[in-house]
Every structure is written in C-alpha cells, then in structure tokens.
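Worksheet: the structure to be examined is printed underneath.
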Amino acid sequence: MSFSQGLSLVILGICLYIFWQIRTVLLLALAAVTFAVVLNRAVRLLQKKIPDRRVAVFLLTGGVALVAGSLGIIIIPPFIDQLQDLMGFAGEVIERSQTWISNLGDLVPGFALQDLQSLETIVGQLQALDLEMIFGHFLAWFSSTLTVAFNLLLVSIVIIMVLLNPAAYRRLFLAIFPSSRQKQVSHVLDDCEEALAGWFIGILFNMTVIAITSMIGLWILGIPLAFANGLLAGLLAFIPNLGPFISVLPPAAIALLEAPWKAIAVVVLYVVIQQIESNILTPLVMKKQVSLLPAVTLLSQVIFAAFFGFLGLLLALPLTLIMQKWLDEFWVRGFLDQH
C-alpha cells in the first residue's frame, strides 16, 4: 500500500467518525430536506398566484404553522385526558389478569400449576409498580428536555432556508461531484424528489384514513377512548409494519376489560384496516413512487433503528428510498449493466 492510499484511508476513517458523531444532525437535516421537497411543490403552485417566492414561502409556512398549532390546541388537551384514563385502564388490566390467573388455578392440572403460579407472580410484580409514577417521570423527562424544542426549531429554520432558494443548495450539492457526473447526480436528485413527494403525500393520506376509520370502528364496537386510540393508530401509521402492530395493543387491552369477544373484534378491525391500507390505499395513492418490497421495508426499519435509534426508525423509509435511487443509478446502471 502506497503512502497516498494509506493517507486516503486515514482521511476516510476520520470522515466516517465525524459523520457518526453528528449522525443526529444529519438525520434532522434529512428530515428538513424531506419536508422542504414536499412544501417546495406547494410553493411552486402558490407562485402561480403570487410571483414573489419569499412571500409565497412565508405564506405557506405560516399557514402550515397555523394549522399545526390549531390542531394541537384542538387535539392535544383531550388526548392527554384520555391518555391519563388509558393509564388507569392499564392498572385495571393487570388487576383483572391477576384475578383470571388465580381463578384459572382451579382448572389446570397439577403439573402446570407451578408455571401458572410463576405467571401470577410476574403479574403481581407488574401490579406493584406505580404505573402513574413511571409514566409521570417519562412525561417529565420528555417535556423538560430542550433538545426536542431545539431540534424542531432547527428543522423549521432549515426548511424555510431551503425553500427560499432551493436552486442554490442544489448547485452547492452538485459542486461536490466532478463535472462529468453532475448531470447524472442531478437526475438522481430529481428521482429522489419524486419518490419523497410521493411517499409523504401517500403516507399523510393513509394516516388520515386510518385514524378516521379506527375511531369510527372503535366507536361502533363501544370501546372506551376511541378518539385517543384512533389518533394513535393514525400517528403510528407513519411507521410501516411496526406501527399497526403497536397501535392495536392499547384498544385490545381496554376491550378485554369489558368482554373477550370485543378484544378479538378490535384485533379483527385493525387487521381489516391494515389490509385495506396495504392492498388498496397504498397502491392507489403511492402508485410507483414507493416500489419497496415489504421485507425490504421491515429490514430497513430494524437496521436504521439499531444504528440511529427512534429517529432512524421514523426516517427509515425515506432513507431507504434515497439509497435505492442512488444505488439504482450508480451501481445497477453505472456498474453492473456495463460489466
């Protein structure tokens, strides 16, 4: 190995180390760019009525902030109240489970009694936990940290900056590459923009439909906290595969308190909604913009969550879409097809 090659490896290692240390900032930048790509299309439409781009950007971002704030004022207070009720239900579920296990002890054979007693002990330990205290500490930690507010502020500022002059940031990014590759890179950026816009619009539509149908279905079944659980289902629909599985747990546990058949009905309801979303809504809305196989989507979520935590889980799909476009252009077409 020559000296120049060794030096290149050292520089590469240093760059990778720096990127790893600032991975959270890079993910936040990606989130800002994703939203900026979507909003940029809205700005272009608005510019047909308002030629001044700055005015159009501030009107659009101000409108988005106003809508988000209004929804927060309307949704968050009742959601917090219902979430507190949900925590009360959690304690009741544990209590009822312990009673059922105790009653079941008279019906099981002797060889299984020891395992049943162990299960009862576990449930008893869960009951001993002060769930409200644990949840209170979690909320206090989450709400008191300034990191969340700073990250939201950072993302908002970057979005506005990119929207004001997206062409300049595009030229800056293209300048990193040699002139012989800039046209190819520009083509990849266009593909990424199409894919991200299609993904965001599709997932936003799916979240809305899932939230509304879940609320209506839970209300028809007579499940308490239908609003909170329906809203939770809509929000968790942002995370493919894992989100629907997590969202069914709270309403199923609440339904179990009233009647076992209601818990089964809730599971069936969520399975039906998920099938409609996967087989009808997603193909209809997203079409060819998001052409990822389900197994690839699931593995990408696990990998990005392992490396980047919860933020990586949220951004797993757009990250995978971007990687797919770059690999398709430079690896599949640029290397494999030529060899």
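The residues of the chain are indexed from 1 along the displayed sequence.
Counting non-hydrogen atoms of neighbouring residues, nucleotides and ligands closer than 6.0 angstrom, the CZ atom of F177 exceeds 12 such neighbours. In M215, the CE atom is crowded: over 12 heavy atoms of neighbouring residues, nucleotides or ligands sit closer than 6.0 Å.
Proximity of L319 to S300: side-chain heavy atoms (C-beta onward) are nowhere separated by under 4.5 Å.
Taking Y169 as the reference, nothing meets the ring-ring contact (aromatic ring centres under 6.0 Å, His included) condition, with sequence neighbours excluded. Judged as a side chain to side chain donor-acceptor pair (under 3.5 Å), and not counting sequence neighbours, the contacts of R41 are E194. Scanning for ring-ring contact (aromatic ring centres under 6.0 Å, His included) contacts around F238 gives W199, with sequence neighbours left out. In this structure, the side chain to side chain donor-acceptor pair (under 3.5 Å) partners of D190, at least two apart in sequence or on a different chain, are R170. Residues passing the side chain to side chain donor-acceptor pair (under 3.5 Å) test with Q47, sequence neighbours excluded: R53.
Hydrophobic clustering (ILVMFWY, side-chain heavy atoms < 4.5 Å, transitive): I322 and V25 are in distinct clusters. Linking Ile, Leu, Val, Met, Phe, Trp and Tyr whenever their side-chain heavy atoms come within less than 4.5 Å leaves W261 and V272 in two separate clusters.
With respect to V158, the side chain to side chain contact (heavy atoms under 4.5 Å, CB included) criterion is satisfied by exactly one of L154, I160, V155: L154.
Within the 6.0 Å centre-distance limit, the rings of F200 and F35 are counted as a close aromatic pair.
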Evaluation steps, side chain to side chain contact (heavy atoms under 4.5 Å, CB included), between Y270 and L218: CA-CA 10 Å; Y270 274 62; L218 293 174; 3.5 Å; yes
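Annotation: side chain to side chain donor-acceptor pair (under 3.5 Å) contacts involving residues 16-28, sequence neighbours excluded, are absent.
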